[in-house]
Amino acid sequence: MLDPQLLRNNPIDVKKAMQRHGSDLDLDVFNALEKQRKDIQVKTQNLQNERNKSSKSIGMAKAKGEDIQPLLDSVSQLGDDLKVAEAELNEVQAKLQSIFLSLPNVLADDVPTGKDEEQNIELRKWGNIPAYDFEAKDHVDLGQALNGIDFEAGAKIAGSRFVTLSGPLARLQRALTQFMLDTHVDQHGYKETYVPYLVNKESLLGTGQLPKFEEDLFKIGNDSPYYLIPTAEVPVTNLVRDEIIKANDMPLKYVAHTPCFRSEAGAYGRDVRGMIRQHQFEKVELVQIVKASESEQAHEQLTQHAEGILQALELPYRLMLLCSGDTGFSATKTYDLEVWLPGQSAYREISSCSNFNDFQARRLKARWRNPETGKPELVHTVNGSGLAVGRTLIAVMENYQQADGSIKVPDALKPYMGHVTSITP
RNA sequence: GGAGAGAUGGCAGAGCGGUUGAAUGCACCGGUCUUGAAAACCGGCAUAGGUUUAUCCCUAUCCAGGGUUCGAAUCCCUGUCUCUCCGCCA
């Protein structure tokens with residue numbers, strides 16, 4: 001959520017910023033609501049003040065043993081007026097609140113303006129694209145030949161966009177997960193966390209998936225529903241909801257491995273082949289909770305931590321700076337890591353690292369106490385995939401494939417694979 | 001699933017329906033003292049919103065939502081969560 005003061009003081013600038021982020025703000029509606037809010041709020045507070053004073057004087061009169069009946073008569077109308085005013089105020093504030101919740105974050109200055117992923121900017125490339133003296137297969141063909149990936153079974157058990165893994169490929173996914181967790185914990189200083197995979201509405205409001213993007217989520221139950229997490233960002237970032245963090249504990253760095261569930265409602269027909277886009281996938285997520293002055297640096301650092309995994313696995317990738325149209329709702333700036341997939345002869349997203357500034361923190365009421373002022377200040381949140389495990393599995397399979405259809409095990413993963421060096425049919 | 005207890009400031013913990021935003025202790029900040037530190041003593045110390053140049057002032061908030069009342073941290077109802085005991089269970 002944006003700072004309401006920013007919106008009140010610089011509505012025109014905010015409107016421009018919203019348009020850059022693919023949203024719009026109806027200033028006439030907003031200004032009208034704001035004026036209403038002020039009028040009704042002042043009126044309500046005056047009535048409350050009157051009631052409080054009266055009640056106090058009744059209390060004092062009673063204590064002195066005076067007759068309070070005349071005082072009671074004089075406030076008889078007050079209660080009704082106050083109720084009406086409070087109801088009006090609630091209504092206006094609810095409308096304003098829904099406007100605030102629907103506005104995206106203001107983008108960082110260095111985010112290029114653009115419509116979609118075509119306008120993203122490549123910042124750097126790493127690794128060499130492998131040259132094959134045979135025709136490179138994609139993970140679907142490789143996996144089926146190895147008898148380790150079964151889309152039919154996934155479809156039978158659950159439906160489309162589900163998959164089953166078995167044997168060494170299932171283990172390879174687990175090895176990747178372990179390797180990523182160990183690296184981030186042992187080398188990058190993150191704290192491993194285990195979190196719920198079902199969350200409540202408040203958590204999703206906090207990180208910004210709700211109220212706008214409900215159709216992307218799987219929902220369970222009706223009266224007080226649970227949602228399956230679309231990313232570990234939701235439960236992990238919500239660790240600090242309604243908390244005031246001690247200065248000494250900052251920054252907080254969390255890593256969590258979770259399954260992620262996405263309805264992919266808007267993705268009919270996209271990536272229907274293979275396990276690029278599934279309703280359920282594994283991901284290792286990095287989350288940092290930092291001071292405002294440190295979030296830009298943390299964002300760069302976290303991105304490098306994600307890159308470190310790709311480098312350790314020797315997978316070629318490139319780093320993209322997302323343009324305004326491709327940057328998500330809550331983010332102020334996002335880097336995508338795209339891994340090379342020989343089966344598609346294309347770079348595909350394997351990690352998305354974002355700085356949210358105080359946007360999520362304001363919704364979450366996540367603060368730290370600044371010893372210099374003694375006051376709580378909003379934290380900044382930064383997160384990124386480190387990495388999407390399912391897609392990393394694909395990338396390893398396709399980049400490490402051999403002419404005979406076998407897959408070499410990357411050196412970094414051998415300790416996690418019982419020192420097997422190759423997966424063969 | 002059954003029975004009971006509870007939820008109050010950063011933490012711990014008081015609080016007969018009436019000048020209680022809330023005692024007290026700890027923590028924290030400033031000061032006195034000290035060669036320095038500790039101790040002791042003095043003072044300060046919730047969050048959000050409105051008004052304001054600022055101070056002041058006003059409003060709301062004692063888990064959440066309703067209700068009773070002129071007035072609710074305090075009484076009533078509902079929900080959530082925590083703890084204890086019993087049962088069940090990976």
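Protein chains get the first letters and strands the later ones, always in sequence-line order, with residue 1 at the start of each.
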Original post:
Under 30°, 30 to 60°, or over 60°: which ring-plane class applies to A:Phe213 and A:Phe329, parallel, tilted or perpendicular?
Top reply: perpendicular
Original post:
Of the non-hydrogen atoms in A:Thr327 and A:Val111, which two are nearest, and what is the gap between them?
Top reply: OG1-CG1, 4.2 Å
Original post:
Looking at side-chain heavy atoms only, is the closest gap between A:Asp138 and A:Met397 below 4.5 Å?
Top reply: no
**OP:** With C1' as the reference atom in both, quote the distance from B:C75 to B:G15 in angstrom, rounded to an integer.
**Re:** 16 Å
Original post:
What interatomic distance, in whole Å, is found between P of B:C33 and the corresponding atom of B:U47?
Top reply: 31 Å
Subject >> RNA chain B: stems of at least 3 consecutive Watson-Crick or G-U pairs whose donor-acceptor distances fall under 3.5 Å >> reply: B:1-7 with B:80-86, B:10-12 with B:24-26, B:28-32 with B:40-44, B:46-50 with B:57-61, B:63-67 with B:75-79
Original post:
Would you call A:Thr231 and A:Val234 a side-chain contact if the rule is heavy atoms closer than 4.5 Å?
Top reply: yes
Subject >> Whole-angstrom distance between B:U8 and B:A22, as gauged at atom C1' >> reply: 9 Å
Original post:
Considering only heavy atoms, which members of residues 32-44 of chain A lie under 4.0 Å from some atom of RNA chain B?
Top reply: A:Arg37, A:Lys38, A:Gln41, A:Val42
Subject >> Sugar-phosphate only, base, or nothing, as touched by A:Gln5 at under 4.0 Å among non-hydrogen atoms >> reply: sugar-phosphate
**OP:** For the pair A:Arg277 and A:Glu264, find out whether any cationic side-chain nitrogen is under 4.0 Å from an anionic carboxylate oxygen.
**Re:** yes
Original post:
When the nearest nucleotide of RNA chain B is assigned to A:Lys246 and to A:Asn90 on a heavy-atom basis, which residue is associated with the more 5' position?
Top reply: A:Lys246
Original post:
Within 45 degrees of the axis of the six-membered ring of A:Tyr190 and under 6.0 Å from its centre: does A:Lys253 put its NZ or CZ there?
Top reply: yes
Original post:
If only atom types and distance count, is the side chain of A:Arg367 paired as donor or acceptor with the main-chain N or O of A:Ile244 below 3.5 Å?
Top reply: no
**OP:** Quick one: label A:Asn46 by what it contacts on the DNA or RNA (base, sugar-phosphate, nothing), any heavy atom closer than 4.0 Å.
**Re:** nothing
Subject >> Outermost nucleotides of RNA chain B that come under 4.0 Å of a non-hydrogen atom of chain A >> reply: B:G10 to B:G71
Original post:
Between A:Arg362 (side chain) and A:Met1 (backbone), is there a donor-acceptor pair under 3.5 Å?
Top reply: yes
Original post:
Start at the 5' end of RNA chain B and walk down; is the nucleotide closest to A:Ser57 or to A:Pro371 reached first?
Top reply: A:Ser57
Original post:
Between A:Tyr194 and A:His257, does the ring centre distance come in under 6.0 Å?
Top reply: no
**OP:** Determine the Euclidean distance between corresponding C1' atoms of B:U84 and B:U69; express it in Å to zero decimal places.
**Re:** 36 Å
**OP:** Write down the distance separating the P atoms in B:C29 and B:A38, rounded off to the nearest Å.
**Re:** 11 Å
**OP:** Specify whether A:His188 and A:His184 have parallel, tilted or perpendicular ring planes, treating 30° as the upper limit for parallel and 60° as the lower limit for perpendicular.
**Re:** tilted
Original post:
Just checking A:Pro376: base, sugar-phosphate only, or nothing, at a heavy-atom cut-off of under 4.0 Å?
Top reply: sugar-phosphate
Original post:
Which one of A:Lys43, A:Lys35, A:Gln36 satisfies the side-chain hydrogen bond (donor to acceptor under 3.5 Å, both in side chains) criterion with A:Asp39?
Top reply: A:Lys35
**OP:** Decide yes or no on salt bridge (Lys or Arg N to Asp or Glu O under 4.0 Å) for A:Arg37 and A:Glu34, but give the supporting numbers first.
**Re:** CA-CA 5 Å; A:Arg37 191 212 100 237; A:Glu34 259 298 297; 2.6 Å; yes
Subject >> B:A73 and B:C63, which share atom name C1', separated by this distance in whole Å >> reply: 12 Å
Subject >> Euclidean distance for C1', B:G87 against B:G1 (whole angstrom) >> reply: 7 Å
**OP:** Can you tell me, in whole Å, how much space there is between the C1' of B:U51 and that of B:C56?
**Re:** 11 Å
